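Heads up, the thing below is written out as structure tokens.
Fair warning: this is a prediction, and the values are worked out from it, not measured in the lab.
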Amino acid sequence: MWTLVPVTFALRLLSTFVQPLGSLGSSLGPLFLWLWAAFWRAGGDRSRQQLQGKTEAGEPPRAQEDSHLPTTPTSVNYHFTRQCNYKCGFCFHTAKTSFVLPLEEAKRGLWLLKEAGMEKINFSGGEPFIHDRGEYLGKLVRFCKEELQLPSVSIVSNGSLIRERWFKSYGEYLDILAISCDSFDEQVNVLIGRGQGKKNHVENLQKLRTWCRDYKVAFKINSVINRFNVEEDMTEHIKALNPVRWKVFQCLLIEGENVGEDALREAEQFVISDEEFEEFLDRHKDVSCLVPESNRQMRDSYLILDEYFPYVSFFHTTKQCSNTSWMSYKSAQF
């Protein structure tokens with residue numbers, strides 16, 4: 001394998017540089033991601049063989065050696081856009097840029113992640129349906145299910161821009177749709193930043209639930225518990241909607257995103273204590289589909305790729321990658 005890597009890399013490098021110069025920047029990222037995947041495979045196989053040999057010789061592997069083994073990016077969250085039609089005050093992926101990777105480059109990067117072991121992909125934003133009226137997103141969803149044959153393809157959305165025609169075109173390729181809903185009181189939604197004029201966020205949620213049932217897409221709800229909804233009892237509403245999972249997050253501060261000098265949000269007013277979060281969970285303990293995510297769990301649970309996608313592939317177990325400062329890793333770290 002090691003002898004093949006330089007040769008294949010040279011061919012890839014050559015093919016990249018003969019492309020028009022205008023596409024050079026976006027082409028190098030997937031190329032580097034491919035290189036990482038190749039070296040990961042070779043290094044991983046080599047490390048595993050070394051450890052296996054020591055075990056057979058009667059020497060148990062040491063924890064320090066095991067910690068250096070590459071970790072497969074099994075589950076990936078791809079936030080391909082920062083643009084959004086809502087202005088949630090606690091948002092930690094704010095609209096600092098309008099950049100979206102060209103579709104074919106995004107597909108190439110996803111293919112390379114699949115080669116490296118990706119099994120689950122989740123698309124988010126910003127609002128993922130805002131770009132090209134959901135067509136860009138739909139094409140990525142179809143690619144991941146039809147071409148990559150991933151076991152799980154999901155989306156997190158605020159739901160306001162989804163139309164039934166999208167389900168008709170792409171619903172068969174989507175496994176899970178998670179809709180963000182932080183309150184069942186429309187006035188609270190306005191305070192949080194989910195107000196959409198005459199549109200009712202809660203009524204739209206019910207419509208989306210129906211479409212998911214009709215098109216056989218698993219329906220989830222995500223809620224961020226903050227200062228304005230921490231006293232709310234959502235039990236009856238959640239049970240009526242009957243999602244497969246209700247994921248409950250504690251409001252999280254991320255430097256440079258929703259707090260700090262360069263942030264576009266000032267989320268300090270939304271923050272709640274760990275005790276308040278636990279009280280909210282206790283109030284909803286009878287909701288069987290509830291899955292809590294505290295701040296500690298949020299910081300150490302996900303591989304998150306930003307809108308520049310390929311360029312983050314080189315960073316290993318770091319809290320600061322590429323153009324974001326909020327990336328964190330556990331089961332899917334590079």
Closest non-hydrogen contact found for Tyr173 with Val153 is O-CB, 4.0 Å
Same cluster or not: Val156 versus Val100, using hydrophobic residues (I, L, V, M, F, W, Y) connected whenever any side-chain heavy atoms lie under 4.5 Å apart? no
Tightest non-hydrogen contact, residues Asn222 and Ala178, listed as ND2-CB, 3.9 Å
Output for pair (Ser98 OG, Ile130 CD1), nearest 0.5 Å, gives 11.0 Å
Any ion pair linking Asp175 and Lys145 (charged N to carboxylate O, less than 4.0 Å)?
yes
Heavy atoms of Leu110 and Leu140 approach each other most closely as CD1-CD2, 3.9 Å
When every non-hydrogen atom of Phe277 is compared with those of Glu293, the smallest separation belongs to CZ-O, 3.7 Å
For Ser152, the side-chain contact (heavy atoms from CB on, under 4.5 Å) test, sequence neighbours excluded, returns Lys120, Ile176
Hits for ring-ring contact (aromatic ring centres under 6.0 Å, His included) against Phe123, two or more places apart or cross-chain, chain-then-number order -> none
Only one of Ile238, Asn242, Val244, Ile221 passes side chain to side chain contact (heavy atoms under 4.5 Å, CB included) with Cys289, and that residue is Ile238
Looking only at heavy atoms, the pair that brings Thr81 and Pro128 closest together is CG2-CA, 4.2 Å
ring-ring contact (aromatic ring centres under 6.0 Å, His included) filter on Tyr170, not counting sequence neighbours, yields Trp166
CD (Glu231) and CD1 (Ile225) are apart, to the nearest 0.5 Å, by 11.0 Å
Scanning both residues in full, the closest heavy-atom pair of Leu150 with Glu119 reads CB-O, 3.7 Å
*Should Leu252 and Val291 be counted in the same cluster of Ile, Leu, Val, Met, Phe, Trp and Tyr side chains packed under 4.5 Å apart?*
no
Hey, are the side chains of Leu177 and Ile162 touching, using non-hydrogen atoms and a 4.5 Å cut-off?
yes
Pair Lys239 + Glu236: basic N to acidic O under 4.0 Å
no
Under 3.5 Å: donor-acceptor pair, side chain of His284, backbone of Met234 = yes
- Say whether, by atom type as modelled, one donor and one acceptor occur between the side chain of Glu164 and the main chain of Trp211 under 3.5 angstrom. no
